[in-house]
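Just so it is clear, the structure is predicted and the values come from calculations on it, not from any experiment. Lettering follows sequence order; numbering is per chain, from 1.
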Amino acid sequence: MPKFFVTTAIDYANGEPHLGHAFEKIGADAIARYHRLRGDDVWLLIGMDEHGQKVAQTAAERGLSPEELTDRIAASFQAMWQRLAISYDQFIRTSTAEHRAGVRELLLRIFEHNLDDFYERSYQGWYCVGCEAFKQDAEIVDGKCVLHPTRTLEWVEERNWFFRLSRYRDFLLEHIEAHPEFIEPVTRRNEIVSLLRQGLEDISASRSRFSWGVPFPKPTSDGEQQTTYVWFDALPNYYTASRFPGSRATWPAQLHIIGKDITRFHCVIWPAMLEAAKLPLPERVFAHGFVNLGGERFSKSAGVRLDLGEAVDRFGPDAFRYFLLREVPFDADGNFSWERFEERYIADLANAFGNLASRTIAMLEKYCGGVVPAFDPVSLAAAASWVAPEEVRYAEAMGGQLLHEALAAAWRIVARANEYVDRQAPWKLAKAPEQRPELEITLAALAYTLARVALLVWPFMPSKAEQLWEQLGAPGTIGGSVQAGTDLLARPVNPSAWHVTKGAPLFPRPQAPVA
RNA sequence: GGCAGGGUAGCUCAGCUGGUUAGAGCACGGCACUCAUAAUGCCGGGGUCGCGGGUUCGAGUCCCGCCCCUGCUACCA
């Protein structure tokens, strides 16, 4: 059975979880659950990046130790992930002894394999106060930062350990060319390729200004003990995860799910580090887009924040997950708005999907005593001819992390099934005894359709999928049937003789506003 | 400033190498039906295809110019 080790970016422990964090975790969770459904041996890793100057500063401002601050923030993130049903297998924190030891080992491994890759250098460059960053020549026009042309650039120097990133340019270009799936979507790959063609500068690997981090394994020549710089601390979490007791993470990862803003770190610096340490590269890096708010760019400082808890409470965690992954293309940006959320909840969930379940189960109870008529799976699949082609599209979309397209395919099944109900008009068939066989195959085909849709939707709305599964009288639970080595989507479904039960509506309509 | 990708119905988007009356979903209007969460199905209104030129028998689709948006342009993560 294939191993599927999937990771998300570790979130910086400097604030509360917000919509952007949630989007990524929900997407990664849907991908992980889909692979579980497929019988892969899945390990979903998420976590927190807890070191760095900002964390230390924030802690100090609040009169806390960095450990106390990060404990609180980590707890807050974990609580949110639990609420959103993120089925992570491991939550890594970079301030733990295991991770620190792993970083040290990885760095020493680079020293060992490529002694020359780390070297001391006095870094100097034009520093833009507006960007809070050193600027490269390409970003300087007429002696000014292109992003802050009114500011004056400062010349700054610091002596640090440096990593010879420049040496890996050709290696990376060749790797990307040989493995086109390494960076997705294509636009992100193109950006990285064009960056590589411009050439790479070496990067600093240590800092002297702060100490809340992993000590760099070797002191500088003047004896100073520096702190490992963020990339050489945070990125290796994917690799150090396996060192924790009980972890079944095994390097290399099959997939890194990240935001498009950190593509470069994951597609250039991280693979270069791994190559320097003579370790295998991750198989794929997928950079998702961002969720904007009310048409405005989502930003921590802009004040256009959305209360995550309120959004989750509005229609429940499953509907929230569905909405985000259906509305925002996973490979591009999208927008969150309450209006849209409500529209999709009512149209897609309550009316189309929830009501299809209600009417089907109600008719099975009314016309068949609540028992699905007996047919073999082949006949059912043939009768429900709209299912198979969309399942193919669903699987193709999931294979490319195009979650919104997978959901669209599932909803085309729902739409076809609703049309089918009206075309067949079971309430008319039920009045004519000679139409009994037609009535039975119709309702059985609908039960079959719902069971298949429950499976397809499970990665996105695990608890609603289970609820439907139960109402259909299907055996066990979907989650409980998941087993490494067993492909639940490939296994035929036969609802014959299931005892359906009409329970509460899957997605109750919100109370109509008083006119 | 440079490079890349976009600007098509109220909203989100599809429109491959140029070819009959420009499509889908949602929203909106009408009709049908009654199994269902007043849900569903059918029909319909609605678009100067960013702007201006050009090539062509014919351009949303090609060329030139312009406007606007987004991303990247290496040390906040």
rC11(B) C1' sits how many Å from Asn335(A) CG, rounded?
10 Å

Pick the C1' atom in rU12(B) and in rG47(B), then give their distance to the nearest Å.
15 Å

Looking at every strand, decide which applies to Ser194(A) at a 4.0 Å heavy-atom threshold: base, sugar-phosphate, or nothing.
nothing

Of all the nucleotides listed (rG41(B), rU37(B), rA77(B)), which has the minimum atom distance to the side chain of Asp261(A)?
rA77(B)

Hey, can you tell me if Phe216(A) and Trp161(A) have their rings parallel, tilted or perpendicular (30° and 60° cut-offs)?
parallel

Taking only the P atom of each, what is the distance from rC62(B) to rU20(B) in whole angstrom?
15 Å

Reckon Asn160(A) touches a base, only the sugar-phosphate, or nothing at all at heavy-atom distances under 4.0 Å?
nothing

Side chain of Arg359(A) - closest among rG41(B), rA77(B), rC35(B):
rC35(B)

Does Arg207(A) count as lying over the ring of Tyr229(A), i.e. NZ or CZ under 6.0 Å from the six-ring centre, within 45 degrees of the axis?
yes

Rounding to an integer number of angstrom, what distance separates rC28(B) and rC67(B) when you compare their P atoms?
40 Å

Checking all strands, does Tyr367(A) fall into the base, sugar-phosphate, or nothing category for heavy-atom contacts under 4.0 angstrom?
sugar-phosphate

Picking from rG41(B), rA77(B), rC26(B), the nucleotide nearest the side-chain atoms of Arg340(A) would be rC26(B)

Nearest-Å distance once atom P is located in both rG15(B) and rA24(B)
15 Å

Are a donor atom and an acceptor atom from the side chains of Thr228(A) and Asp233(A) found within less than 3.5 Å of each other?
no

Which of the following nucleotides, rC35(B), rA77(B), rC26(B), is nearest to the side chain of Phe265(A)?
rA77(B)

Criterion ring-ring contact (aromatic ring centres under 6.0 Å, His included) on Phe118(A) and Phe163(A), from CA distance to verdict:
CA-CA 5 Å; Phe118(A) 282 125; Phe163(A) 175 65; 5.6 Å; yes

Determine the interplanar angle of the His21(A) and Phe77(A) rings, folded into 0 to 90°, and report it as parallel if under 30°, tilted if 30 to 60°, perpendicular if over 60°.
perpendicular

So what does Leu356(A) touch, heavy atoms closer than 4.0 Å: a base, only the sugar-phosphate, or nothing?
nothing

Contact class for Ala350(A) vs. all strands (heavy atom < 4.0 Å): base, sugar-phosphate, or nothing?
base

Counting just side-chain N and O atoms, does Lys428(A) come under 4.0 Å of either OP1 or OP2 of rU34(B)?
no

Reckon Gly199(A) touches a base, only the sugar-phosphate, or nothing at all at heavy-atom distances under 4.0 Å?
base

Taking the side chain of Lys502(A) as heavy atoms from C-beta outward, which of rC75(B), rU37(B), rC33(B) is closest to it?
rU37(B)

Report the nucleotide, chosen from rA74(B), rC72(B), rU40(B), that has the shortest atom-to-atom distance to any side-chain atom of Glu191(A).
rC72(B)

Proximity to the side chain of Ala347(A) - top-ranked nucleotide from rC35(B), rA77(B), rA27(B):
rA27(B)

Hey, is the side chain of Asn351(A) pairing donor to acceptor with the base of rA39(B) inside 3.5 Å?
no

C1' gap between rG50(B) and rG58(B), integer Å
23 Å

Looking at every strand, decide which applies to Trp411(A) at a 4.0 Å heavy-atom threshold: base, sugar-phosphate, or nothing.
nothing

With heavy atoms under 4.0 Å as the rule, sort Ile361(A) into base, sugar-phosphate or nothing.
nothing

Side chains of Lys464(A) and Leu349(A): closer than 4.5 Å at any heavy-atom pair?
no

What nucleic acid atoms does Ser204(A) come within less than 4.0 Å of, heavy atoms only: base, sugar-phosphate, or nothing?
base

Is the distance from OP1 or OP2 of rA77(B) to the nearest side-chain N or O of Tyr229(A) less than 4.0 Å?
yes

Nearest-angstrom distance from the residue atom NE2 of His21(A) to P of rA77(B):
14 Å

Can you tell me how far C1' in rG41(B) sits from the matching atom in rC33(B), rounded to whole Å?
8 Å

Of all the choices, rC35(B), rA74(B), rA77(B), which nucleotide is nearest to the side chain of Ile262(A) once you look at every atom?
rA77(B)

Applying a 4.0 Å non-hydrogen cut-off, can you work out what Arg344(A) is touching in the nucleic acid: base, sugar-phosphate, or nothing?
nothing

Ranking rG71(B), rU37(B), rA74(B) by distance to the side chain of Ile203(A), first place goes to rA74(B)

Classify the ring geometry of Trp411(A) against Tyr322(A): parallel below 30°, tilted from 30° to 60°, perpendicular beyond 60°.
tilted

Out of rC75(B), rG71(B), rC42(B), whichever nucleotide has its closest atom nearest the side chain of Phe162(A)
rC75(B)

